[in-house]
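The next block holds one structure in the form of structure tokens; read it before the comments.
Naming convention: chains lettered A, B, ... in sequence-line order (proteins, then strands); numbering from 1 in each chain. Treat the numbers as computed from the prediction; the structure is a model and nothing was measured.
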2 protein chains.
Amino acid sequence: MDAIDIVCVNEDDAAAGEALKARVLDTPTAERLAALFTALSIPTRVKIISLLLEHEVCVHSLETALGMTQSAISHQLRFLRDLKLVRARKEGRHVYYALDDDHVRQLFAQGLLHVAH
Amino acid sequence: MDAIDIVCVNEDDAAAGEALKARVLDTPTAERLAALFTALSIPTRVKIISLLLEHEVCVHSLETALGMTQSAISHQLRFLRDLKLVRARKEGRHVYYALDDDHVRQLFAQGLLHVAH
DNA sequence: AAAACACATGAATGATTATTCATATGTTAG
DNA sequence: CTAACATATGAATAATCATTCATGTGTTTT
């Protein structure tokens, strides 16, 4: 195997520069990865996800639980919906949200382990 | 066990409201979790981390690999340093950066699995 | 010692985005 | 049918943050 431990390319070594560029994660993948992690990058969405881990919850309940305006919650839910991380189920005048992605549950759990020291 | 599948608290049921609030992840933890995920929430940092997964890399190499200015890279490295996700080792006039946290490696891998469909 | 190099950093700028405000749609209750 | 309710959403505002610009510190080379 050709594992390199220390990388420090020389300014005028074009070949080494190109080799290094080839090792960077490609931009489209980096962007999609970043978008995924953005979902959990603010406390509001972290809290929303924390409530959806085990239950299906209606918007008004999230509003009550987080102590934020209905509009703010709705906008964040739309954000998560666009990323296909949550799904909405309409029932009468309520809309119930639930996690629609097990990876997020796993990321959340993994992150929590880290933060828990 | 007292698992609830569907949650929809009534406006005037104060007790249910309080019970729900108790289920939300507490703010300090949510903030630390959000901070952790923020590290991977933009392509630039995702790419930096991708290069540090296997190697120790100097700043100039990162600059070459990402095609960004030295200042931009340095600022992002400081960001990651402050979060204790990377460590810096000075050697002569070079500074080598490396991942200083295995959880991030795992989060990265987990996220990549998700994005890879 | 001077010049070139490697990196860091404060301040300014520009871009992104979370939240609010106002309002619209559809649903149930009276 | 009207009023109250539950949610959604576009536009405006406010806050955050990535990048650039200018410059500073320390190191190596000549």
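- The two residues A/Thr69 and A/Glu63 come nearest to each other via the heavy atoms C-CG, 4.1 Å.
- Going from atom CG of B/Leu62 over to atom P of D/dT19 covers 14 Å, rounded to whole Å.
- Distances shown here put a side-chain N or O of A/Arg81 below 4.0 Å from the OP1 or OP2 atom of D/dT9.
- Side-chain heavy atoms closer than 4.5 Å link hydrophobic residues (I, L, V, M, F, W, Y) into clusters, and following such links, even through other members, never connects A/Leu113 to B/Leu113.
- In terms of heavy atoms, A/Thr38 sits closest to A/Arg45 at O-NH2, 2.9 Å.
- Interatomic distance, B/Ser61 OG to B/Tyr96 OH, rounded to the nearest 0.5 Å: 7.5 Å.
- With contacts defined as side-chain heavy-atom distances shorter than 4.5 Å, the pair B/Leu80/B/Tyr97 does not qualify.
- Tracing side-chain contacts under 4.5 Å through hydrophobic residues (I, L, V, M, F, W, Y), one reaches A/Leu66 starting from A/Leu52; they form part of the same cluster.
- Put simply, CG on B/Leu77 is 13 Å from P on D/dA18, counting in whole angstrom units.
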Intermediate values then yes/no, side chain to side chain contact (heavy atoms under 4.5 Å, CB included), B/Leu36 and B/Leu85: CA-CA 9 Å; B/Leu36 172 62; B/Leu85 300 183; 4.1 Å; yes
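- The base of C/dT9 lies close enough to the side chain of B/Ser71 for a donor and an acceptor atom to sit less than 3.5 Å apart.
- The shortest distance between the side-chain N/O atoms of B/Arg78 and the OP1/OP2 oxygens of C/dT9 is below 4.0 Å.
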Verdict with reasoning, B/Leu25 to A/Phe108, per side chain to side chain contact (heavy atoms under 4.5 Å, CB included): CA-CA 11 Å; B/Leu25 189 69; A/Phe108 188 97; 4.0 Å; yes
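- Nucleotide C/dA6 holds its C1' atom 15 Å from the CZ atom of B/Arg89, rounded to whole Å.
- Looking at the side chain of A/His60, the nearest of the listed nucleotides C/dC7, D/dT20, D/dT7 is D/dT7.
- The rotation axes computed at either terminus of the helix from C/dA1-D/dT30 to C/dG30-D/dC1 lie 20° apart, taking five pairs at each end and rounding to 10 degrees.
- Rounded to whole Å, atom P of C/dT20 lies 12 Å from atom CG of A/Leu66.
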Under 3.5 Å, which protein N or O atoms sit close to an N or O of nucleotides 11-18 of chain C? Give each pair with its distance.
unit_1	atom_1	unit_2	atom_2	d
C/dA18	OP1	A/Arg45	NH2	3.2
C/dA18	OP2	A/Arg45	NH1	3.3

Under 4.0 Å protein heavy-atom contacts per nucleotide of nucleotides 23-30 of chain D, with B for base, S for backbone only and - for none: ----SSS-
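- Across all strands, B/Tyr97 comes closer than 4.0 Å only to sugar-phosphate atoms, never to a base (heavy-atom distances).
- An OP1 or OP2 oxygen of C/dT27 is reached within less than 4.0 angstrom by no side-chain nitrogen or oxygen of A/His94.
- Judged by atom type and distance alone, A/Thr69 does not reach the base of C/dC21 through any side-chain donor-acceptor pair under 3.5 Å.
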A/Ile48 vs A/Phe79, side chain to side chain contact (heavy atoms under 4.5 Å, CB included): CA-CA, chis, key distance, verdict: CA-CA 12 Å; A/Ile48 290 176; A/Phe79 182 102; over 6 Å; no
Verdict with supporting geometry, B/Leu51 and A/Arg23, side chain to side chain contact (heavy atoms under 4.5 Å, CB included): CA-CA 7 Å; B/Leu51 281 169; A/Arg23 288 174 185 274; 3.9 Å; yes
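- Without hydrogens or angle criteria, A/Ser50 side chain to B/Val24 main chain gives no donor-acceptor distance under 3.5 Å.
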